[in-house]
Amino acid sequence: MSDQIQFIVEKLNQEPFRKNYNLITFDSLESVQLLQLLSDVLGEIDPKHAVDVREELPENTAKRMLTLLGVLKYKPPGSVTDLSAFRQGLVTGSKPVIHPVLHWLLQRTNELKKRAYLARFLVKLDVPVEFLQDDTVADVNKQYEELMEAFKNLHKECEQLKTSGLSTAEIRRDISAMEEEKDQLIKRVERLKKRVETVQNHQRMLEIARQLRLEKEREESLAQQKQEQKNQLFHAEQRLQRAQLQLKEMHHAVVDSKPESLMKKLEEEINFNSYLATEKIPRELESKKKSVYFLQKAIAEPAMGQSDLNVLESKINEVNVQINQLIEKRMMKYEPVDSKLSMYRQQASIISRKKEAKAEELQAAKEEMSSTEKQMIQKTNQAHELDGSEVLKGDELKHYVNKLRSKNTVYKKKRLEIAEITAEYGILQRTEELLKQRHEAIQQQLQAIEDKKGISGYSYTQEELERVSAVKSEVDEMKGQTLDSMSEMVKKLNAMVAEKKSSLAPVIKELRQLRQKCQELTQECDEKKIQYDSCAAGLESNRSTLEQEVKGLLEECTQEESNYHYVNCMKKNLEIQLQRVKEEMKIYVSPDPQERRKAIREQYTRMILEQENLGKKLREKQKVVRESHGPNMKQIKMWQDFEQLMECKRECFLKQQNQTAIGQVIQEAGKDRLVL
């Protein structure tokens, strides 16, 4: 209710009302003032209701307001269900009736203005059936209904034009600008025509220019169509590639699969999609709707200040404290049935959270897979554009990578061999150079000797014959070695193949057994994992319940300890008090008067008597002071006057002494002058 009144006061202080109310002044308004305020608000919505309520009867005021509220489709709140009670409250200006009406009207003023405006033209007149039997009245009523429908259509068109963002001023400006441009173009065309008329064959040239313009436009349209067709072709190729990729994936999936595995996959997909459609997405949609509802509610509420926020924070803290207290009470109240149910609830909540997490992970994985597929398609398209060859995938890519690795190792070995050969080649080349130098020197010596003996050229001929025979023998030897090596290589290869087959046969059999064993172990591992998850969930729920029980027992233990200490302290205090009472009774009953004086009762009695005597003395003293107050005040006044009189005499005496001293000084000065 306070928020409602605050909203009403804020709206009434704004335009166009400007009432300058606060919460106190608004709450203190009388019934007539409230009715006048309601009439002013209704007058702002419909100008016909801007009436002074003091100048009309209460019944007419209530009838007028009820009629307009009915047109505006106002429904009384749940607390005022009886229409007669609502009308009575409206007549008397009751606050519980007027405040909700003002709040409802001020919340939707613009909407209600439009509704009141439309009601002037769209509220049908109730014409009795007997009047409609007259042809003239029936025709007029029909025209009235047709005009009403026409007004509805025109109003809809007007609202559409208003919401479309177009304004008449902008349209007029555009039309005037277009007319100016049209005039400028007409003048420009006329000037060009005058220039062209002086040229020979201007008609033919104009026709050629027109055809050229048409051909250019056609060329542009054809280029645009070509570009569109290229885009369509590109998109079609992408769709084809995606379809081929899906087809290959389906082929790979179907090669080693069975109908049971396919059915299992389909069931998993159906279960996942049904979970998304029935549980996850509706829950998220409901949460989004709730958040939107709360946001709309927060937007609809008036602006809040720091004090309102502090009040809300204090309320939230109080509610949190109450919730914690209720949780503690519930934990203290231990019931085995509830504990079992809570255990099952916790297990169910843990499983549902895990299910939601796995569903989100699966959804994220699917999105990531779709994005990677899109990237792969883009990369394949780029590869096709650059190279034109097909991109390897799957097993082909693995085989190609293994082939490259083997080639890389062979390449490294060959590169090392080449490095060794090049080093050896350098050494041999240097040796060859040295031997050539020695050979040339020996040849020169031999030629000189042959020239001396007269047999020049003999050594050269002999070397040629030896070289030819050596080459022939080497060729024959190489042929025989090649044939022998080839036969030996074939034998070795056959033997190696047979040996590898015989050695691999038991390994293959063992591998098959190991594969079967691996499948069995994976199935067993999955089963054990499921059992482990269920057991872990149960243990976790049991642990949480045990922790709650331990926590409750610890709190109960601490509470009982505090109660014990409190009771123990109270017991000690009571024992001390009981001891004091016993001692007091012993002293009070004692026959010795000296002992009786030590009793607390006697001490308090003496103190009471002393205080009573002191009070009597003070009252007597107060009485004496009151009686002597008047004379004493007069005496004080007389003494003050006497003091002032004596002060005045002292001042006069001091002045007289000063004057006599000055006269003596003057007389002495005169005597001195006479002596001189």
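Sequence positions, counted from 1, serve as the residue numbers for this chain. Keep in mind that this is a model prediction, so the values were computed, not measured.
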[atom1] of [X] to [atom2] of [Y]: how many Å apart, nearest 0.5 Å?
X	Y	atom1	atom2	answer
Glu313	Glu318	CD	CD	12.5 Å
Gln184	Glu180	CD	CD	7.0 Å
Lys182	Ile175	NZ	CD1	12.0 Å
Glu30	Leu34	CD	CG	9.5 Å
Ile576	Lys571	CD1	NZ	12.5 Å
Ser39	Glu44	OG	CD	12.0 Å

Side chains of [X] and [Y]: does their closest heavy-atom pair fall under 4.5 Å?
X	Y	value
Lys290	Phe294	yes
Lys358	Leu362	no
Leu106	Glu10	no
Lys152	His155	no
Glu555	Lys551	yes
Leu105	Leu69	yes
Lys11	Gln107	no
Gln579	Glu583	yes

Would you say [X] has more than 12 foreign heavy atoms packed within less than 6.0 Å of its [atom1]?
X	atom1	answer
Met585	CE	no
Glu575	CD	yes
Lys113	NZ	yes
Arg283	CZ	yes

With a 3.5 Å cut-off and no angle check, do the side chains of Gln36 and Asp40 form a donor-acceptor pair?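 Asp40 and Gln36 do have a side-chain donor-acceptor pair below 3.5 Å.
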
Side chains of residues 644-651: which donor-acceptor partners sit under 3.5 Å, not counting sequence neighbours?
residue, atom, partner, partner atom, Å
Glu647, OE2, Arg650, NH2, 2.6

Looking at every non-hydrogen atom in both residues, tell me the closest pair between Met65 and Leu35 and how far apart they are.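 Minimum heavy-atom contact is CE-O, 3.6 Å.
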
Which pair of non-hydrogen atoms, one from Leu112 and one from Trp104, has the smallest distance, and what is that distance? CD2-CH2, 3.7 Å

I'd like a table of donor-acceptor pairs (distance under 3.5 Å, sequence neighbours excluded) in which one partner is a side-chain atom from residues 612-630, with atom names and distances.
residue, atom, partner, partner atom, Å
Asn613, ND2, Leu609, O, 3.1
Ser628, OG, Val624, O, 3.0
Ser628, OG, Asn632, ND2, 3.3

Is the side chain of Asn568 donor-acceptor paired with the backbone N or O of Tyr564 at a distance under 3.5 Å, no angle test?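 The answer is no, because no donor-acceptor pair under 3.5 Å joins these two groups.
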
